[in-house]
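Following: one structure in structure tokens, then a few remarks.
The chain is numbered in sequence order, starting from 1. Atom set for the values below is all heavy atoms of this structure, side chains included, hydrogens, waters and symmetry mates excluded.
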Amino acid sequence: MKYDLIVIGSGPGGYIAAIRAAQLGSKVAIIEKYSTLGGTCLNVGCIPSKALLDSSHHYYDAVNHFEEHGISVEKPSFDFGKMVARKANVVETTTGGIKYLMDKNNIEVYEGLGSFEDATHVKITKNDGAEEVIEGTNIIIATGSKPSSLPFITIDKERVITSTEALKLPEVPKHLLVIGGGVIGLELGSVYKRLGAEVTVIEFMPAITPTMDKDVSKELTKVLKKQGMKINTSHGVTSVERNGDEVVVKATNKKGEEVTFTGDYCLVSVGRRPYTEGLALEKAGVKVTERGMVEVNNHLQTNVANIYAIGDVVRGAMLAHKAEEEGVVVAEYLAGQKPHIDYNLIPGIVYTWPEVAAVGKTEQELKDAGVDYKSGKFSMRALGRSRASGDLDGFVKVLADKNTDEILGVHMVGARVADLIMEAAVAMEYRASAEDLARICHGHPTYSEAVKEAAKAAWDGQPLNA
């Protein structure tokens, strides 16, 4: 079979690229080695983790907040098995939706491991060992990433686990040790903390979410500690040992002292690495970096003219929505269009509660670049909507150019900021000023008023409700 486009990998980048290419008239095939479509995000990442985050949030509210709203219930309890079953149902429904979209757009789906025979031929090795070769005028590599580890850690997938196993544990841990204070570790740590586990985070860097704005990291640390999570920053893990049902983690703190942590489960959450195993890239002549990433140019084209790569397997943030945008860009570029993607405007989000979201430059990045900037900040606590819901933690911070007033970065901690951040992204896409945002009438009472107030604070230093 010959296709205009072959996509290897059916995650958010791959399946979106396939759909957009089909919409634009291409004959498309997609190859997925697993029995369900959707990749890490839909099967063992974004979607199942959000399902558990929502379920655990409902339980946490019932235990801790219903009474203050005048709602009396008998002592709340939960069925962890039902939570996991609900998560599985959400995943099944979502991945089934991807299969429907493939059929709707006449995209041929091949189940099996895709590997290059040469620059235009891909071999599909099926689970029963059968092989088939298909040909593509163009090919997109969208094989995503896998959890990283540390060289001295043995992941046994039972007590020493990655995010994949953390989404299907047979029980709520008594004490979950989390190595890594990034997005994945904090989200999954939050799930089990809400359900009664003791959670200890061990982070090598001086702050959790170390790539985000320092004010965000500071606020999130304060909130998570208030919720009972133990956070240990500037701790370098030196060993992880399992003894039966116990896991012992040793680390060195910033004073050079050895510290020991003991729990019944240990989540290793130290980032992710590009996944290219089995692709046989060398047969097609595709170059990869020392870190295993596929090298691409500004059009996401590899050194082989007809082969492209997107998502976690190439440079940049490993985010599902970034992969989706890249998939669209490649599909449209192949169709002769002139798409663009602004990597500065890809939002970063942490789905703890309160949520964290950011777009654009951090304050530290502006300082390092020597940009003359101004900052406006507004507390969620000052909003009527926050007081009504009881979600008082957090803030919105707007960073703007001191001379032109153009918005350069927006950073948020608070209720529903995962959705709210897109107001800032839209404004920045059109190069709005802080004054522009401050002068837009926002509904009252809403969480979004914090964006207006922070923008006004950045523009003229005079928020109205603070």
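In summary, the side chains of His57 and Asp61 do present a donor paired with an acceptor at a separation below 3.5 Å, with no hydrogens or angles considered. In summary, the side chains of His442 and Glu453 do not present any donor paired with an acceptor at a separation below 3.5 Å, with no hydrogens or angles considered. In the model, Asp213 has no side-chain atom that pairs as donor or acceptor with a side-chain atom of Thr362 under 3.5 Å. Using a 3.5 Å distance cut-off with no hydrogens or angles, the side chains of Lys214 and Gln364 do pair a donor with an acceptor. A donor-acceptor pair shorter than 3.5 Å can be found between the side chains of Thr209 and Ser217. With 3.5 Å as the limit, one finds a donor-acceptor pair spanning the side chains of Glu111 and Asn127. In the model, Thr262 has no side-chain atom that pairs as donor or acceptor with a side-chain atom of His175 under 3.5 Å. For the 3.5 Å distance criterion, the side chains of Trp353 and Asp391 qualify, holding a donor opposite an acceptor.
Looking only at side-chain heavy atoms (C-beta outward), Leu169 and Ile161 come within less than 4.5 Å of each other. Annotation: side chain of Leu37 is in contact with side chain of Val109 (closest heavy-atom distance under 4.5 Å). Within the 4.5 Å cutoff, no side-chain heavy atoms of Val183 are placed close to those of Val356. With a 4.5 Å cut-off on side-chain heavy atoms, Ile310 and Val330 count as touching. Between Phe116 and Ile139 there is a side-chain heavy-atom pair separated by less than 4.5 Å. Residues Ser115 and Leu279 have side chains not in contact (no heavy-atom distance under 4.5 Å, counting atoms from C-beta outward). For the pair Glu423/Leu437, a side-chain contact is recorded, criterion being any heavy-atom separation below 4.5 Å from C-beta on. Between Lys126 and Glu132, some side-chain heavy-atom pair lies under the 4.5 Å cut-off.
The two residues Ala418 and Glu355 make their nearest non-hydrogen contact at N-OE1, 3.1 Å. A pairwise comparison of heavy atoms in Ser190 and Thr352 identifies OG-CG2, 3.6 Å as the closest pair. For the residue pair Asp393 and Pro354, the shortest heavy atom distance occurs at CB-CG, 4.1 Å. Taking all atoms of both residues into account, the shortest heavy-atom contact from Ala400 to Ala434 is CB-CB, 4.2 Å. Scanning all heavy atoms of the two residues, the minimum distance from Ala357 to Ile421 falls at CB-CB, 3.6 Å.
In terms of modelled atom types and a separation under 3.5 Å, the side chain of Thr289 and the main chain of Met293 share a donor-acceptor contact. Although no hydrogens or angles enter the test, the distance criterion places no donor-acceptor pair under 3.5 Å between the side chain of Ser26 and the main chain of Val28. With Glu203 contributing its side chain and Met205 its backbone, the two residues share a donor-acceptor pair below 3.5 Å. Gln227 places no side-chain N or O within 3.5 Å of a backbone atom of Met229 that could act as its donor or acceptor partner. Not one N or O on the side chain of Gln301 forms a donor-acceptor pair closer than 3.5 Å with the backbone of Tyr308. With hydrogens and angles ignored, the 3.5 Å screen pairs no side-chain donor or acceptor of His58 with any backbone N or O of Ser56. Of the possible donor and acceptor atoms, none in the side chain of Asn105 sits under 3.5 Å from a partner among the backbone N and O of Ile107. For the pair Arg272 (side chain) and Ser145 (backbone), a donor-acceptor distance under 3.5 Å is present. In this structure, the side chain of His411 does not engage the main chain of Val396 through any donor-acceptor pair within 3.5 Å.
Each of Glu165, Arg242, Glu171 was scored for a side-chain hydrogen bond (donor to acceptor under 3.5 Å, both in side chains) with Tyr265, with one residue passing: Glu171. With Glu363 as the fixed residue, the salt bridge (Lys or Arg N to Asp or Glu O under 4.0 Å) test singles out one of Lys397, Lys218, Lys377: Lys397. Applying side chain to side chain contact (heavy atoms under 4.5 Å, CB included) to Tyr351 and the options Leu53, Asp54, Val191 leaves one that passes, Leu53.
Phe152 CZ: more than 12 foreign heavy atoms inside a 6.0 Å radius. No more than 12 heavy atoms of other residues, nucleotides or ligands sit less than 6.0 Å from atom CG of Asn298. Other residues, nucleotides and ligands place more than 12 heavy atoms under 6.0 Å from the CD atom of Glu246. Within 6.0 Å of atom CZ in Arg273, more than 12 heavy atoms from other residues, nucleotides or ligands are found, so the atom counts as buried in its surroundings. Within a 6.0 Å sphere centred on OH of Tyr59, heavy atoms belonging to other residues, nucleotides or ligands number more than 12.
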Full working for salt bridge (charged side-chain N to carboxylate O under 4.0 Å, His left out) between Glu295 and Lys287: CA-CA 6 Å; Glu295 290 186 0; Lys287 292 181 180 178; 5.5 Å; no
Test log, rule side-chain hydrogen bond (donor to acceptor under 3.5 Å, both in side chains), inputs Asp4 and Thr137: CA-CA 5 Å; Asp4 299 317; Thr137 303; 4.6 Å; no
Worked verdict on Tyr343 versus Glu326 for side-chain hydrogen bond (donor to acceptor under 3.5 Å, both in side chains): CA-CA 10 Å; Tyr343 287 97; Glu326 290 180 333; 2.6 Å; yes
Worked check of salt bridge (charged side-chain N to carboxylate O under 4.0 Å, His left out) between Glu219 and Lys222: CA-CA 5 Å; Glu219 178 75 2; Lys222 182 183 77 174; 3.4 Å; yes
CA sep, side-chain torsions, deciding dist, call: Ile141, Leu281, side-chain contact (heavy atoms from CB on, under 4.5 Å): CA-CA 10 Å; Ile141 301 166; Leu281 294 175; 3.6 Å; yes
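In this structure, CG on Asn89 lies 13.5 Å from NZ on Lys82, to the nearest 0.5 angstrom. Annotation: the span from Ile231 atom CD1 to Ile202 atom CD1 amounts to 12.0 Å, rounded to 0.5 Å. Taking CZ of Arg315 as the reference point, atom CZ of Arg291 lies at 13.0 Å (rounded to 0.5 Å). Atom OG1 of Thr95 sits about 7.0 Å away from atom CG of Leu42, to the nearest 0.5 Å. We find the OG1-NZ distance between Thr162 and Lys146 to be 9.0 Å, quoted to the nearest 0.5 Å. Distance check: Leu186 CG to Leu224 CG gives 6.0 Å after rounding to the nearest 0.5 Å.
A salt bridge links Glu187 to Lys50: one of the charged nitrogens lies within less than 4.0 Å of a carboxylate oxygen. Salt-bridge annotation for Glu449 and Lys452: absent, with no side-chain N of the basic residue lying under 4.0 Å from a carboxylate O of the acidic one. Classification of Lys230 and Glu198 as a salt-bridged pair holds, one side-chain N sitting under 4.0 Å from a carboxylate O.
Aromatic ring pairs are classed by plane angle as parallel below 30°, tilted from 30° to 60° and perpendicular above 60°; the pair Tyr60 and His65 is perpendicular.
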